[in-house]
Structures are given as structure tokens and as C-alpha cells.
Enquirer: 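Have a look at this one before I ask anything.
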Amino acid sequence: MQLERPEREMAEGLRDRGEALAARAVDWCSIPSGSRDLPGLARQLDALEQAFGRLPGRTERYALQPTKDVDGEGRAIRWEHGEALRLTVRPEAPVQVALTGHFDTVYGPESGFRAVQPRADGALNGPGIADMKGGLSVMLGALEAFEDFAGKESIGYRVLLSPDEEVGSLASAPLLAELAQGAHIGLTYEPALGEAGVLASSRKGSGNFALAVQGRAAHAGRDFAAGRNAVAAAARLAAALDGLNNRLGGVTVNVARIEGGGALNVVPGAAVVRFNVRVADRAGARWIEDQVGKAVAAAAGEDRVAVSRHGGFTRPPKPINAAQRALFAGVQVAGADLGIDLDWAPSGGVCEGNNLFAAGLPNLDTLGVRGGAIHSEAEFAWPDSFAERAALSAVVLARAASGRIDARGIRAAMKEA
Ligand SMILES: [Zn+2]
């Protein structure tokens with residue numbers, strides 16, 4: 001171990017607090033906070049504001065703008081969102097770090113998955129324990145330890161906790177971009193990839209789209225010829241979209257849902273096709289936009305229906321560049337000095353790290369707990385990973401303070417590529 005003494009003291013202090021870090025996350029997981037559960041999100045935010053408010057600095061709440069969508073009949077609707085929380089500490093310090101995480105989960109109020117249970121093998125199984133209330137406790141643990149570090153004055157930081165990550169971060173996107181502007185490196189606390197603690201290297205970009213098909217309703221017996229079948233047109237559109245798979249490298253289209261129709265004696269007048277797109281780069285995004293436009297034009301012509309397009313790319317791709325490599329190298333050495341063997345690998349998933357990168361901020365986004373099976377009722381985290389991952393972040397902050405990790409140089413390298 002090549003840890004300097006103050007670094008070792010932080011890591012040892014965190015090891016003693018490992019159970020407390022896990023217990024704090026277990027408490028948070030007992031507050032249901034699905035992305036659409038505004039009362040649950042408000043309760044979760046109160047708990048987080050109390051916990052993060054014990055750090056020095058200033059906390060502020062931000063009301064997020066509603067986001068647009070369409071319902072199953074193609075009518076415009078708006079989604080309301082919970083508030084976001086921002087903590088600002090030492091904004092005048094020469095090196096600025098952005099730390100982000102989300103407190104919404106994929107489990108709505110109707111879900112029966114409501115509390116953490118220990119598994120027989122010791123893992124913690126519960127809603128958000130890995131993704132990412134566990135990660136929020138890790139982040140806070142690292143910051144608490146860092147506030148006892150002698151060299152802390154040369155680092156300032158901003159923490160953004162958001163309520164809408166699992167639905168695409170559309171509402172918190174402006175706050176994420178603003179956070180990225182003022183920082184040199186970013187740290188985000190999604191769970192590690194796989195149980196070995198691997199970090200995400202490159203990430204694809206992602207978009208969510210809805211095509212609202214407007215046909216003409218008619219009686220299926222008396223007036224069939226007057227009808228324009230929106231469900232049949234939607235089905236042809238869905239097939240055309242699915243046919244875009246395996247045509248351009250790195251581009252996938254997942255037709256996720258078709259809505260529309262009702263009684264069997266009615267030609268359906270409205271339908272909606274919802275799909276998600278993943279792309280490796282901006283060229284892929286342009287290609288898919290173009291292809292979707294062609295499919296829409298073809299459907300409008302052949303099926304004599306009107307098709308309106310909603311949604312779009314929510315998160316641009318996050319490729320590997322010189323800045324990302326330099327940041328990972330620094331974190332990898334910090335890990336090795338702590339006895340943690342760190343590797344990184346590409347991920348098809350997307351997260352706030354995509355937003356930060358698109359706004360010019362080099363960042364690592366999988367610094368949360370080791371665990372797995374996220375977005376399912378088998379979601380779990382390993383209790384010993386809380387102290388381990390908090391120590392990793394605390395040492396990274398210490399090295400950004402001492403200059404051993406050159407945060408300003410890493411940020412400058414974003415411009416070179
Ligand atoms: Zn997450």
C-alpha cells in the first residue's frame with residue numbers, strides 16, 4: 001500500500017463506519033421513491049437534506065420543470081417531478097469537483113418491493129440498495145471523511161441529487177449541465193458493473209421516442225371503408241423500426257410498447273408506438289433520426305394516417321477520450337493503493353455521467369456499491385462494499401487536493417481530443 005498517512009487514516013475511519021454507511025442506505029430504502037411518486041420523493045429528499053446538510057456549505061432545493069409526453073391516445077400530457085437538492089461547499093477553492101446521484105427508483109407505489117432484507121449469503125436485497133441509495137451513502141461517507149482531511153481547503157465541490165434519473169433526467173438535465181460547467185472532474189455513484197466492482201468506460205447514447213398515429217375511427221361492420229386503422233399502421237411502423245436493428249454498428253432499436261384500440265367492432269382511430277434507441281456515437285444518432293423520419297413518411301403515405309413524433313435523444317454517447325483515460329488512471333492507482341483491483345469496461349446503459357460528459361466534464365459514474373440485479377426485485381448490494389467504495393472516493397478527493405490527481409489538467413484534456 002502506497003497510501004499517505006492521512007489517506008490511510010481516512011480509509012481506516014471509513015472501515016470502522018462501514019456498517020453505519022450500509023445501515024443509513026437501508027433506512028433510505030424503506031422510503032418508497034419511484035420516479036413518479038411525488039410524496040415519496042419529497043420524504044426521501046427531506047431525509048437526504050438532513051444527512052447532507054451536516055456537511056459544511058449551503059443546500060438549496062430546485063423545483064424542476066414539468067416534462068412533455070403523450071398518453072396512449074396521442075394526447076399531450078405533462079409529467080411533474082420532485083425537487084432536486086444541491087449542496088455547495090467551498091466554491092472559491094481552486095479545484096472543483098461535481099458529485100451526482102439520484103434518489104428516485106424504478107419501483108412505483110404499487111410495487112410490493114419495499115424494504116431491505118438480508119440474504120442468506122449476507123448480501124442486502126432491497127429497492128434502491130444498489131441503484132442508488134447505497135451509492136448516495138457511499139458518496140456522503142466519502143465527503144464526511146474528506147472533511148476531516150487536512151488538505152481539504154484546496155477542493156470545493158457541488159453535490160446534485162436528482163429525482164428523475166430513472167425516467168431519463170430530462171427535467172434535471174439543465175442542472176446537470178450547469179454543474180458540469182463549473183467543475184474539473186465529476187464523480188457519480190451508480191453501482192459498479194458486476195460484482196467485481198468494474199467501472200464503466202464508454203457508454204452509448206440513448207433516446208426515448210413516441211410516435212402518435214392518428215387515423216379515423218369507424219364502425220367495423222357498417223362503415224369499415226371510412227376507417228383508417230391506426231393500430232394496423234402502428235404495427236407496420238413498429239415492424240419498420242425493428243427492421244433498423246443490425247444495420248449500423250452500435251445502433252439498436254427496442255420497440256417497447258404499442259398502445260391503442262378498444263372494442264373489436266371499432267376501427268381504431270389512435271395508437272402510439274414507444275421505442276428506445278441506443279447509439280455508439282453522434283453519427284448513429286443522426287442516422288436513426290433520419291431513418292425514423294423515413295418510416296414515419298412511409299406510414300403516412302401508405303396508411304393515410306397522420307403521425308406525430310415525440311421525445312428524442314435524452315443522453316448523448318460518452319466515449320473514451322484522453323481526459324477519461326487520465327481520470328481512470330488516477331482512480332485506478334488510488335484503488336490499487338487501497339488494495340482494490342479496478343478495471344473498466346464499456347456499458348450499453350446510460351446515466352448522469354452521459355449528461356456531465358456532454359457538457360464537457362470528464363467523469364467516472366460507477367463509484368457506488370458493488371451489487372447487482374438492479375431494476376428487479378433481486379436487486380442487491382454487498383455490505384462490505386460501502387466502506388471500500390467510500391474510501392476509494394475519499395482518497396481520490398485527497399489526491400485531487402494534493403495534485404497527485406491533476407483535476408485541472410484532466411479537464412483541460414477534454415478540449416484536446
Ligand atoms: Zn441509477
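Start at 1 and go down the list; that is how both ligands and their atoms are numbered.
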Enquirer: Kindly state each residue pair satisfying ring-ring contact (aromatic ring centres under 6.0 Å, His included) with at least one member in residues 314-372, sequence neighbours excluded.
Expert: Phe328-Trp344
Enquirer: Do the charged groups of Arg36 and Glu110 touch, with an N to O distance under 4.0 Å?
Expert: no
Enquirer: Listing residue and atom name, which protein N/O/S atoms are closer to the Zn ion (ligand 1) than 2.8 Å?
Expert: His102 NE2, Asp131 OD1, Glu190 OE1, Glu190 OE2
Enquirer: Out of Arg370, Arg15, Arg389, which residue meets the salt bridge (charged side-chain N to carboxylate O under 4.0 Å, His left out) rule with Asp384?
Expert: Arg370
Enquirer: With a 4.0 Å cut-off, would you call Glu178 and Arg86 a salt bridge?
Expert: yes
Enquirer: Under 3.5 Å, which donor-acceptor pairs link side chains of residues 118-129 to any protein atom two or more places apart or in another chain?
Expert:
| residue | atom | partner | partner atom | Å |
| --- | --- | --- | --- | --- |
| Arg119 | NE | Asp121 | OD1 | 3.1 |
| Arg119 | NH2 | Asp121 | OD2 | 2.8 |
| Asp121 | OD1 | Ala123 | N | 3.1 |
| Asn125 | ND2 | Glu377 | O | 3.0 |
| Asn125 | ND2 | Glu379 | O | 2.9 |

Enquirer: Considering only residues two or more places apart or on different chains, which pairs with a residue in residues 72-112 satisfy ring-ring contact (aromatic ring centres under 6.0 Å, His included)?
Expert: Tyr107-Phe113
